[in-house]
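Report on one structure; see the data block that follows.
The structure displayed is predicted, hence computed values, not measured ones. Numbers here are sequence positions counted from 1.
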Amino acid sequence: MTQLIWNGLFVGSFYALVALGYSMVYGIIKLLNFAHGDLYMLGAFAGFAILGAVGGVSSAMALPLLLAVLLATMVVTGLAGVTLERIAYRPLRRAPRLSLLITAVGASFALEYGMRAVAGADPRVYPVRLGGTSFEILGARITPQQLVLIGVAVLLMAGLNLLVTRTREGRAMRAIALDPRTSALMGIDVNAVISRAFFVGSALAGAAGVMAGAYYGKIDFMMGFLIGLKAFTAAVIGGIGNIPGTMLGGLLLGLLESFGTFWLGGEWRDVFAFGVLILFLTVRPTGLLGERVTERV
């Protein structure tokens, strides 16, 4: 039981990191950015390229190097997210929602097959692999590398929560989410704030991509598709647009997958996860911490 809980929390931390980008963008401009999962993939490949350029490192330096690469990758994927928003989404911001949704799907395919054209279709082995001996806590086998990765994820999520709730930038984001026109009249640069929100959300997805590549050891150009759907599921479960709810939804989805795999088998893991999404949409469409809101006309 303890092992299942730990496995679920570990996987759920990845889901939560990616889901936060979904939740931020939807909360501010009501856009379901289905290309967000592919920024996770882009982060994994950016980390792969940086580590490949650095060359071989000793096992003692693997973790510090990986943390440095993670920060560099966050900048790369953050800028990619800003570029995506500027080129694909901003010109259609006043267009019908369906147009934005179709554009997001198209952007997703562009990132996936653009990476295939650059890196090839074959999976790549990550230059740095986090392994090591495990130790036992309350019956669960845990490695120091897992503790480091989940600690990094928690720090990033806590930092985002502080940004949104305690800073001037966060107040601007919340104001735009409530009423973008009035926010502009009050002197807020709406386009700049939205771009920065895309930067932060995309950077978190890129960090999760590097962490997943280093832990699982293999990446490919389609790796962002499924986790993008899982992140969307986590955001809906927790309450899309609600930052603490999205974190909770990611962890809960990880736990559900862990227990579902144990009860039903690994081949039913994804079916179980999306079945939970359907259940939540039926019973509580706003999610665990989401609130029902009336849209302004």
Tell me the closest heavy-atom pair linking Val69 and Gly47, and the distance in Å. CG1-CA, 3.8 Å
Residues passing the side-chain hydrogen bond (donor to acceptor under 3.5 Å, both in side chains) test with Ser108, sequence neighbours excluded, are Asp38, Glu112
From the list Arg86, Arg196, Glu85, Arg93, side-chain hydrogen bond (donor to acceptor under 3.5 Å, both in side chains) with Asn191 holds only for Arg93
Give a yes or no on whether the ring-centroid distance for Phe14 and Tyr40 is below 6.0 angstrom. no
Please examine the side chains of Gln3 and Asn7, heavy atoms only from C-beta on, and report whether any two atoms are closer than 4.5 Å. yes
Do you reckon Leu256 sits in the same ILVMFWY cluster as Leu279, going by side-chain contacts under 4.5 Å, direct or chained? no
With side chain to side chain contact (heavy atoms under 4.5 Å, CB included) as the criterion, how do Arg181 and Leu185 come out once you've worked through the C-alpha distance, each side chain's angles and the decisive distance to 0.1 Å? CA-CA 6 Å; Arg181 294 181 182 178; Leu185 292 174; 5.6 Å; no
With side chain to side chain contact (heavy atoms under 4.5 Å, CB included) as the test, would you mind laying out the steps for Phe45 and Met115 before giving the verdict? CA-CA 8 Å; Phe45 274 94; Met115 184 57 68; 3.7 Å; yes
Specify the closest pair of heavy atoms between Ala153 and Leu17, including all atoms of both residues, with the distance to one decimal. CB-CD1, 4.0 Å
Point-to-point distance, once rounded to the nearest 0.5 Å, from CG of Leu51 to CG of Leu66: 6.5 Å
Write down the atom of Pro180, the atom of Val190, and the distance for their closest heavy-atom approach. O-CG2, 3.7 Å
Going only through I, L, V, M, F, W and Y residues with side-chain contacts under 4.5 Å, is there a path from Ile87 to Leu92? no
Backbone of Ala19 reached by a side-chain donor or acceptor of Ser23 within 3.5 Å: no
Do the side chain of Thr73 and the main chain of Gly206 share a donor and acceptor less than 3.5 angstrom apart? no
Salt bridge or not between Glu169 and Arg174? Use side-chain N to carboxylate O under 4.0 Å. no
Heavy-atom side-chain contact between Ile219 and Met41 under 4.5 Å: no
Quick one: closest heavy-atom pair of Thr77 and Ala203, and the distance? OG1-CA, 3.6 Å
Is the shortest heavy-atom distance from the side chain of Met157 to the side chain of Leu204 under 4.5 Å? no
pair Ile194-Ile29: side-chain heavy atoms closer than 4.5 Å: yes
Going through the distances and angles, do Leu31 and Phe198 end up as a side chain to side chain contact (heavy atoms under 4.5 Å, CB included)? CA-CA 11 Å; Leu31 166 67; Phe198 267 87; 4.1 Å; yes
From Leu156 atom CG to Asn161 atom CG, the distance as rounded to the nearest 0.5 Å: 12.5 Å
Indicate if Phe109 and Met222 have the same hydrophobic cluster label, given that clusters are the connected sets of ILVMFWY residues with side-chain heavy-atom separations under 4.5 angstrom. yes
Please list every donor-acceptor pair under 3.5 Å in which a side-chain atom of residues 225-241 meets a protein atom from a residue at least two apart or in another chain.
from, atom 1, to, atom 2, distance (Å)
Lys230, NZ, Tyr15, OH, 3.4
Lys230, NZ, Glu257, OE2, 2.6
Lys230, NZ, Asp270, OD1, 2.8
Thr233, OG1, Leu229, O, 2.8

Is it true that a side-chain atom of Ser13 and a backbone atom of Ile150 form a donor plus acceptor pair closer than 3.5 Å? no
Closest heavy-atom pair, Ser202 versus Gly81, reported as atoms and distance to 0.1 Å, is OG-CA, 3.2 Å
So how far is it from Met24 CE to Phe199 CZ, rounded to the nearest 0.5 Å? 11.0 Å
Rounded distance (nearest 0.5 Å) linking atom CG of Leu111 with atom CG of Leu84: 6.5 Å
Going through the checks in order, is the side-chain hydrogen bond (donor to acceptor under 3.5 Å, both in side chains) test met by Tyr89 and Asn33? CA-CA 9 Å; Tyr89 300 144; Asn33 181 18; 2.5 Å; yes
Parallel, tilted or perpendicular: which fits the ring planes of Tyr22 and Phe34, with parallel below 30° and perpendicular above 60°? perpendicular
Tell me if the CZ atom of Arg116 is crowded by more than 12 foreign heavy atoms within 6.0 Å. no
Here the gap from Leu42 atom CG to Phe221 atom CZ, rounded to the nearest 0.5 Å, amounts to 14.5 Å
Does His36 use its side chain to pair, donor to acceptor, with the backbone of Val18 at less than 3.5 Å? yes
Can you confirm whether Asp220 sits close enough to Arg124 that some side-chain heavy atom of one is under 4.5 Å from a side-chain heavy atom of the other? no
How about Ser195 and Arg90: do any of their side-chain heavy atoms sit closer than 4.5 Å? yes
Identify the heavy atoms of Lys30 and Ala177 that sit nearest to each other, and give their distance. NZ-O, 4.0 Å
Neighbour count >12 (heavy atoms, 6.0 Å) for atom OH, Tyr216: yes
Indicate if Ile28 and Ile243 have the same hydrophobic cluster label, given that clusters are the connected sets of ILVMFWY residues with side-chain heavy-atom separations under 4.5 angstrom. yes
CG of Leu160 to CG of Leu155, rounded to nearest 0.5 Å, is 12.5 Å
Joint cluster assignment, Leu162 & Leu20, ILVMFWY side-chain distance < 4.5 Å: no
Assess whether side chain to side chain contact (heavy atoms under 4.5 Å, CB included) is satisfied between Ile188 and Val193, documenting all intermediate values. CA-CA 8 Å; Ile188 297 175; Val193 172; 3.9 Å; yes
